[in-house]
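The first residue in the sequence is number 1, and the count goes up from there.
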Amino acid sequence: MFRACLVIWLLVLLLLKLGAMNGHLGFVVGCHDAEREALLKFKQGLNDTQNRLSSWEGKDCCLWEGVGYDNVTSYVNRLDLHDPSCNPYNYNENDWSWSMISAKLDRSLVELSRLNYLELSCIDFQGNQIPGFIGSFKHLRYLNLSSSNFGGVVPSQIGNLTKLRTLDIFKSPHNFLIVDNFLTTYNLSSDFNWVSKLVSLQYLNMNNVLVDRSMNSTHMLNMPPLLGLQLSNCQLDVPTVSSLFTNFTWISTIQQLDLSYNYLRGSSLPTVFVNMTNLRYLDISRNQLSGSVPLWIKNMRKLLQLDLSSNMFEGPFPYFANMTSLTYLDLSSNDFSGLIPLWIQKMGKLQNLNLRDNNFSQVEGGAIMGILGNLCNLKSFDLEDNHIGGEIGAHHNLSKCATYDLEDLELSGNMIGGTLPSWLGDFKSLTNLNIANNAIEGPIPVSIGSLSYLEELDISGNSVNGTIPQGLGQCKALVTIDLSSNNLQSVVSESHFANLSRLNYLDLSSNSLEVNLHSNWTPPFQLFLLSLKSCKLQTQFPQWVRKQTRLRVLDLSDNMLCGNLDPLYPLENLEQVDISHNQLTGPVPYFSSSQLNIIDLSYNLFSGSLVHSNPSAENKNDTAGVFVCHLPSVQFLDLQGNNINGTIPDCWNYSNDLAYINLSSNNLYGIIPMTMGQATSLQFLKLSNNSLQGPIPPTLSSSSILQILDLGEKKLVGNIPITWNGKTLPSLDMLRLRGNQLEGVIPLSLCSLPMLQLIDLAHNNLTRVVPRCFGKLIGMGSSSSQNHSDDDEYDYILSNDPLGDITTVVLKGVELQYTRTLKYVVNLDLSCNALVGSIPDEITNLTGLIGLNLSDLTSLTSINLSNNKLHGQIPTGNQLQTLIDPSAYEGNPGLCGDPLPNKCGTSLGRKQPQAEQKQHDKEDDLENPWFYFVIISGVAIGFWGVVGSLLLKDRFKFALFQLVGNVADYLYAQIMIRLDKFRN
């Protein structure tokens, strides 16, 4: 009887299921109507930018993309809408995009009451708060809202999800707006107290969620036994961490803990960490910890991965010695110093050892490679950017392992010397060998040719000499070869590259190599970068280079390339091209690559016009300004030192990224086009030594980030624009208008330029007086040389050219050439104009000046330079020869020449040693109060010498005596003020 009933019951269940599946007996077809309607309503609130929910049609929602259901009840139990192409933890903004956008999380989802899996990562909820109804999904075990652009406060209702095992509300940094070091806009915060109710929780990721530091730890007595906890960038400090963990009974069970990017400061961490004996992954990087590594780390015997990077630890770290099971050790970006201990060899299971970016001075015993010892399983060893000395091959001890698994060896940026050892060839698994920027000498060992898995070889920036071994061509896996900036001396031929079919990066520049490759050679590779600077090519432009169709960076500068250069338009992927300092002739080549951002053709023999036909255009009558009109991505353009003639094309307003323009030392004529000032990214403009004429275009005032402006040695006329001021050109460092025909006054607006430290207005027709407000030029103060001391972008602008952009500055009547050091030059040259009046006292405020030339002040009646430490010959000239009073120069034993009795060439007039001159330049004589007294005395003598004769006439006496009395009172007051300042 029981058996019969059981059979009947099973048949009924089967019929019910069949009815549900086939629509018979009136049962549900596919999913439930209420759930289908809820999903459709949720879809209506989404902006599906990629049409990913196109399958959400029809009645059977169980077949829709991202929807999962229970096979028996047909209830939706899974909703996964994450974009497979979106990595919610990806910090690269260039790869970031929202595939779905929604104003809010629609409440209709509460109909999905059987959900146990909800994945909504990478959906843009536009800063709206996580809705409280999300706590109604009682069956939820997995909830992922990472990188979904939620803001506000995490609702406490999430604490109702008692079956939840995984909670990920990682806040993407892409939604952070940092203003004055404070996070604003779309912040997501939490008091953390609701976490204690999630009794089934095992994994919690709240990275970048701002945790309330005033939370009450008593609410967390019953925290679930978490296995993984990520609280990176939550603004946690040490007291908050102590409060968070003190009452956790499960502290010994946690295996993964991430507290990076927080506010952990000081030399100690909470002692509760002592009990984390099962911890296998610990990341407390990028905090502000100091002192030695905490004692509690030595108890973590099961630790597999340790990351203490980017802190400020100091001193030794002896507590890792007992962690023999450690497989991953990362101490990078700290302040560790001293010796690297050899007991690291005892960590036989270690696979990753990262000590980069510290202050280690040496490996214990001086054995750079000896540290590998018995680390047979080590795959990655990184010592980059320390201060490691010693010899790379000294006292090596590599006999404890039959084979080595080492794949990645990074030793660059140290002071390692010695020669490359032949036993480098024993690391058969090596794929990356980087020992750049050290002091390695001697030849490249032949054994490197046996590294069949080697992909990247970088020995650049050393003193390696000898030849490039032919065996290097047998490393068939090579992708990158960088041997630049060494002392290699050999002939490079096709045999060196015969088997390197995977090669895409080749840099042999700055050696004494002779690259002897046949012009019509067909390489086995397609390069991404080719740099053969200073490689003695001594030929016409190589035809084999044109076959590198994937080439993006090309540097053939400083060779002896000659002949007519045909257009390079077949190289359509070029981004950077440098063929400067050669002897190439013909018209300026046309480049068709729309990706070009750096073009350097300087110091060649190119001729013709900048405006010519496009050789690849169907219409040969189509003329346009080369580079700018068809290459809008160009950032750096250098054509100086050629024979280019014609006018400058007027289409620079199309160049939104152009930062550097150098057309100097050519034969250009005509006017400076108005659009040149409309290049919004322009920082460097040099048009000197041409035949340009006309006025300075007023549009240059629109170049708000312009730093260097050189319009010297031309035929410019008109006035210096009064629109050049601190608001229009706030970044201008150098203004050079030397050798033109400019007239009018020096505008007072120049005084408001805050960064200006080099002004050369010499050899023009400027009139009136030197502005007193020049004393307010901040950039010429004593700290001006520090304005760009750490400005990498400024260095790039000044010397992107491989041999350095050369700027000529006249100092002490001598033309000097500067490249990178230009940023330290503080000079004011107003000579050879028609300026009148006195030298402003305010000039003495420019304490950073190393050059001052104010000659040709035609109305100068007196001068007093006494009691200084001037040296050399007194200049001659029409103006100075009228000032014959020797007292004006007394107190300067190093001076010679008229009107002094010390004639140049005598022992008194000899040139002082250079070291003594530098010492004198550093001394500040203005602190001597007698200096002011003597200056005033000299002025008085000059004054009475000119006006004394007027005393013989009665009508001048009264007015003159009254004026003298007023001046005396003023001078007395100034002397007392300055003496008071000196005493203070």
Engineer: To the nearest 0.5 Å, tell me how far S102 OG sits from D124 CG.
Structural biologist: 9.0 Å
Engineer: Donor-acceptor check, side chain of D657 to backbone of A659, threshold 3.5 angstrom: yes or no?
Structural biologist: no
Engineer: Do T480 and D458 have side-chain heavy atoms sitting under 4.5 Å apart?
Structural biologist: no
Engineer: So does R356 get a backbone contact from the side chain of N358, meaning a donor-acceptor N/O pair under 3.5 Å?
Structural biologist: yes
Engineer: Going by distance alone, is a donor N or O of one side chain under 3.5 Å from an acceptor N or O of the other, for N434 and E410?
Structural biologist: yes
Engineer: Please give me the minimum heavy-atom distance between S200 and T162, naming the atom from each residue.
Structural biologist: OG-O, 2.8 Å
Engineer: Do V241 and N262 have side-chain heavy atoms sitting under 4.5 Å apart?
Structural biologist: no
Engineer: Quick one: does any side-chain atom of N205 pair with a main-chain N or O of F170 as donor and acceptor, under 3.5 Å?
Structural biologist: no
Engineer: Go through the steps to decide whether L105 and L120 satisfy the test side chain to side chain contact (heavy atoms under 4.5 Å, CB included), and finish with yes or no.
Structural biologist: CA-CA 10 Å; L105 188 60; L120 299 177; 3.7 Å; yes
Engineer: May I ask you to check whether F150 and F125 place their ring centers less than 6.0 Å from one another?
Structural biologist: yes
Engineer: Is a donor on one side and an acceptor on the other found under 3.5 Å between the side chain of D385 and the backbone of D357?
Structural biologist: no
Engineer: What closest approach, in Å, do L350 and Y328 show between heavy atoms, and which atom pair accounts for it?
Structural biologist: CD1-N, 3.9 Å
Engineer: Measure the spacing between CG of L229 and CG of N207 and express it to the nearest 0.5 Å.
Structural biologist: 9.0 Å
Engineer: Going by the side-chain contact (heavy atoms from CB on, under 4.5 Å) test, name the single residue among D405, D408, T431 that passes it with K379.
Structural biologist: D405
Engineer: Report yes if some heavy atom in the side chain of L378 is under 4.5 Å from a heavy atom in the side chain of Y404; otherwise report no.
Structural biologist: no
Engineer: After noting the C-alpha distance and the side-chain angles of L198 and L204, does the key distance pass the side chain to side chain contact (heavy atoms under 4.5 Å, CB included) rule?
Structural biologist: CA-CA 10 Å; L198 302 178; L204 174 61; 5.9 Å; no
Engineer: The test is side chain to side chain contact (heavy atoms under 4.5 Å, CB included); show your working for I392 and N438 and say whether it passes.
Structural biologist: CA-CA 10 Å; I392 186 172; N438 279 285; over 6 Å; no
Engineer: Check whether any side-chain heavy atom of L161 sits under 4.5 Å from a side-chain heavy atom of L167, and report yes or no.
Structural biologist: no
Engineer: Using 0.5 Å steps for rounding, measure from the CD1 atom of I254 to the CG atom of L227.
Structural biologist: 8.0 Å
Engineer: What I'd like to find out is whether the side chain of I368 reaches to under 4.5 Å of the side chain of N414, using heavy atoms alone.
Structural biologist: no
Engineer: Indicate yes or no for a side-chain donor-acceptor contact from Q129 to the backbone of V153 under 3.5 Å, with no hydrogens or angles considered.
Structural biologist: yes
Engineer: How many angstroms lie between atom CG of N149 and atom SG of C122, to the nearest 0.5 angstrom?
Structural biologist: 11.0 Å
Engineer: Return the CG to CG distance between N377 and N352, rounded to the nearest 0.5 Å.
Structural biologist: 13.0 Å
Engineer: Taking atom types as modelled, find out whether N208 and N233 have a side-chain donor-acceptor pair closer than 3.5 angstrom.
Structural biologist: yes
Engineer: Could you go through the side chain to side chain contact (heavy atoms under 4.5 Å, CB included) check for I435 and I416 one step at a time?
Structural biologist: CA-CA 9 Å; I435 53 177; I416 301 172; over 6 Å; no
Engineer: Which heavy atom of P155 sits nearest a heavy atom of I130, and at what distance?
Structural biologist: CG-O, 3.4 Å
Engineer: Taking atom CG of D168 and atom CG of L145, what is their separation to the nearest 0.5 Å?
Structural biologist: 8.0 Å
Engineer: Which atom pair, heavy atoms only, marks the closest approach of M206 to L231?
Structural biologist: CB-CD2, 3.8 Å
Engineer: For atom OH of Y117, is the number of surrounding heavy atoms from other residues, nucleotides or ligands below 6.0 Å larger than 12?
Structural biologist: yes
Engineer: Is any side-chain heavy atom of F381 less than 4.5 Å from a side-chain heavy atom of I371?
Structural biologist: yes
Engineer: What pair of heavy atoms forms the shortest contact from I459 to N462, and how long is it?
Structural biologist: O-ND2, 3.1 Å
Engineer: Give me the atom names and distance for the closest heavy-atom approach of E364 to P341.
Structural biologist: OE1-CA, 3.3 Å
Engineer: For a quick check under 3.5 Å, do S232 and S260 share a side-chain donor-acceptor pair by atom type?
Structural biologist: yes
Engineer: Does either side chain, that of E119 or that of S121, offer a donor lying less than 3.5 Å from an acceptor on the other one?
Structural biologist: yes
Engineer: With no hydrogens and no angle check, is any side-chain donor or acceptor of N144 less than 3.5 Å from a backbone partner on S146?
Structural biologist: yes
